[in-house]
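A quick note: this is a predicted structure, and the numbers were derived from the prediction, not measured.
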Amino acid sequence: MQNTAIICQEEPVPGDTGKEITDEHCTKVSSQSYKIAGKDITLPVNVGAAAMLMNIFVVDAKKAQQLIADSGFKVVEIWPGKALMQLLGVDYQQNDLGDYNEAAIVFPVTTPEESKPLPVIGSALRMAKGSLSSYVYRMPVNQGFTTHAGRFIWGFPKWVTEVDIQFAPKTAAATFNDDGELVFSIHAATGGKSRAKPQAAPSLAIRNGLAWKTIGTTEGEGLTFKLGGRVPDIGETHPLAVTLRDLGLPKKPLCTISMRKAVMQFAGPESVPIGQPFSS
């Protein structure tokens, strides 16, 4: 996906019939059931096991807001002029949508008519409680079926490309290449023994002229949290890599997080016209 715009043309999905257009291969049957590329999917979607890692960075708030302006969302300033950005990778191992790898570029945001958290403490408290919304700017995956499902059910900006996730006893890595070019490669420490209590958090996306909001619940074991971390590898020429460089990367993350076994559940979405408030 070479385009870095919020509103952009979706890439066709490689499939059994060639290059497939998502909206031509998916149908909403009811509020809780869908036909996705010939397969029945019933909500909520359950993930029985996934390994995940995340790097959180402090970035220039003005540049981040310019990047996502067409979404109708506002980046959260943890202190004046500074916002957060998350780069992450997930290895879905037991999942209603199949076994696949996923990466993402995410910004904590507020939605229209939602109150802004107070700098530093307010933002930290909302993140800790899971009430701070996360806008999914890009979400590449390495399988076609989840691309159709993620787009059609929740509006996520998925497309099929190269995502590699590696988990070892002491470290984990996620590498995202697109069109043969590196976008990012991140790392995080592993080996923690903490448990993550269930946390329900809203994820946001933009698709087909609508803003989408989905509540996902995550819990698990093998949680590792570290301040700082290894500087990520950022590509030189891919447009998304250039965008990350414009935001100030490569540099050390604020912190890194990994979870050896995450269990997740994704409910049905709410969608509204871009710029309009959600019902809750």
Subject >> S71 side chain near Y137 side chain, heavy-atom distance below 4.5 Å >> reply: no
Original post:
Taking the six-membered ring for Trp, are the ring centroids of F107 and Y135 within less than 6.0 Å of each other?
Top reply: no
Subject >> Atom pair CG/CG of L88 and L53 - distance to nearest 0.5 Å >> reply: 7.5 Å
**OP:** Please name the residue in the list D233, I186, V231 that meets the side-chain contact (heavy atoms from CB on, under 4.5 Å) test with P250.
**Re:** V231
**OP:** Heavy atoms only: give me the nearest L254-L84 pair and the separation to one decimal.
**Re:** CD2-CD2, 4.1 Å
**OP:** Look at the aromatic rings of H25 and H148 and report parallel, tilted or perpendicular, splitting at 30° and 60°.
**Re:** parallel
Subject >> Atom pair CG/CD1 of D70 and I274 - distance to nearest 0.5 Å >> reply: 7.5 Å
Original post:
Side chains of M54 and V106: closer than 4.5 Å at any heavy-atom pair?
Top reply: no
Subject >> Salt-bridge contact E102-K158 (side-chain N to carboxylate O under 4.0 Å) >> reply: yes
Original post:
So which of T146, N142, D91 actually passes side-chain hydrogen bond (donor to acceptor under 3.5 Å, both in side chains) with Y100?
Top reply: T146
**OP:** Quick one: do W159 and D178 satisfy side-chain contact (heavy atoms from CB on, under 4.5 Å)? Show the steps, please.
**Re:** CA-CA 10 Å; W159 77 103; D178 187 50; 3.0 Å; yes
Subject >> Matching residue for Q265 among T217, N46, D96 - test: side-chain hydrogen bond (donor to acceptor under 3.5 Å, both in side chains) >> reply: N46
**OP:** Following the transitive rule for hydrophobic clusters with a side-chain heavy-atom cut-off under 4.5 Å over Ile, Leu, Val, Met, Phe, Trp and Tyr, establish whether V242 and L182 coincide in one cluster.
**Re:** no
Original post:
Does N177 offer a backbone N or O that forms a donor-acceptor pair with the side chain of T161 under 3.5 Å?
Top reply: yes
Original post:
What about L240 and L67, same hydrophobic cluster or not, with Ile/Leu/Val/Met/Phe/Trp/Tyr joined at side-chain heavy-atom distances under 4.5 Å?
Top reply: yes
Subject >> Non-hydrogen atoms of P253 and G229 that approach each other most closely >> reply: CD-O, 3.7 Å
**OP:** Ignoring hydrogens and angles, tell me if any N or O in the side chain of T224 forms a donor-acceptor pair with the backbone of G192 under 3.5 Å.
**Re:** yes
Original post:
Counting distance only, does the side-chain N/O of S134 pair as donor-acceptor with the main-chain N or O of P108 below 3.5 Å?
Top reply: no
Original post:
Would you say the side-chain atoms of S258 pair up with the backbone N or O of A189, donor to acceptor, closer than 3.5 Å?
Top reply: yes
Original post:
Taking all non-hydrogen atoms of both residues, which atom of I234 and which atom of A241 are closest, and how far apart?
Top reply: CG2-O, 3.7 Å
Original post:
What do you reckon, is NZ of K213 surrounded by more than 12 foreign heavy atoms closer than 6.0 Å?
Top reply: yes
**OP:** State plainly whether one hydrophobic cluster holds both M139 and F145, where clusters connect Ile, Leu, Val, Met, Phe, Trp and Tyr through side-chain heavy atoms under 4.5 angstrom apart.
**Re:** yes
Subject >> I36 with W212, same ILVMFWY side-chain cluster at under 4.5 Å >> reply: no
Original post:
If you look at every heavy atom in A188 and T256, which pair is closest and at what distance?
Top reply: CB-CB, 3.9 Å
**OP:** Mind running side-chain contact (heavy atoms from CB on, under 4.5 Å) on V90 and V47 for me, showing each step along the way?
**Re:** CA-CA 11 Å; V90 185; V47 177; over 6 Å; no
Original post:
Quick one: does Y34's side chain get under 4.5 Å of L43's, heavy atoms only?
Top reply: yes
Subject >> SG on C255 to CD on Q86, rounded to 0.5 Å >> reply: 8.5 Å
**OP:** Taking the side chain as every heavy atom from C-beta outward, state whether V272 and L210 have any pair of such atoms under 4.5 Å apart.
**Re:** no
**OP:** Would you please classify the geometry between the F278 ring and the F73 ring as parallel, tilted or perpendicular, with 30° and 60° separating the classes?
**Re:** parallel
**OP:** Determine whether T171 and R230 make a side-chain contact, defined as any pair of heavy atoms from C-beta on separated by less than 4.5 Å.
**Re:** no
Subject >> Inter-residue atom distance E77.CD - T110.OG1, 0.5 Å rounding >> reply: 10.0 Å
Original post:
Side chain of D179, backbone of E181: donor and acceptor closer than 3.5 Å?
Top reply: no
Subject >> Approximate separation, where rounding is to 0.5 Å, of K39 NZ and C26 SG >> reply: 12.5 Å
Original post:
Quick one: does W154's side chain have a donor or acceptor within less than 3.5 Å of a partner on A267's backbone?
Top reply: yes
**OP:** Could you tell me whether R245 and E236 have a side-chain N and a carboxylate O separated by less than 4.0 Å?
**Re:** yes
**OP:** Check A205 against G155 and note the closest heavy-atom contact, atom names and distance.
**Re:** CB-O, 3.2 Å
**OP:** Give a yes or no answer on whether the side chain of N55 reaches the backbone of H187 with a donor-acceptor pair at less than 3.5 Å.
**Re:** yes
Original post:
About how many Å separate OG1 of T147 and CD of Q143, when rounded to the nearest 0.5 Å?
Top reply: 8.5 Å
Original post:
Counting N and O atoms only, with roles assigned by atom type, does the side chain of T111 sit under 3.5 Å from a partner on the main chain of E114, one being a donor and the other an acceptor?
Top reply: no
**OP:** Take N101 and V141 through the side-chain contact (heavy atoms from CB on, under 4.5 Å) test and state the conclusion after the steps.
**Re:** CA-CA 6 Å; N101 293 341; V141 293; over 6 Å; no
Subject >> Member of R260, K193, K261 meeting the salt bridge (Lys or Arg N to Asp or Glu O under 4.0 Å) criterion with E221 >> reply: R260
**OP:** Treat each ILVMFWY residue as a node, draw an edge where side-chain heavy atoms are under 4.5 Å apart, and state whether I215 and F152 are in one component.
**Re:** no
**OP:** Return yes if some donor-acceptor pair links the side-chain N/O of D60 with the main-chain N/O of K62 below 3.5 Å, else return no.
**Re:** yes
**OP:** Spell out, as yes or no, whether a donor-acceptor pair under 3.5 Å connects the side chain of T218 to the backbone of Q199.
**Re:** no
Subject >> Heavy-atom check, side chain of V75 versus side chain of V59, under 4.5 Å >> reply: no
Subject >> Shortest non-hydrogen separation from K35 to D40 and the atoms involved >> reply: NZ-OD1, 2.8 Å
**OP:** Apply the test side-chain contact (heavy atoms from CB on, under 4.5 Å) to residues R207 and T22: give CA-CA distance (whole Å), side-chain angles for both, the deciding distance (0.1 Å), then the verdict.
**Re:** CA-CA 12 Å; R207 184 174 189 264; T22 292; 3.8 Å; yes
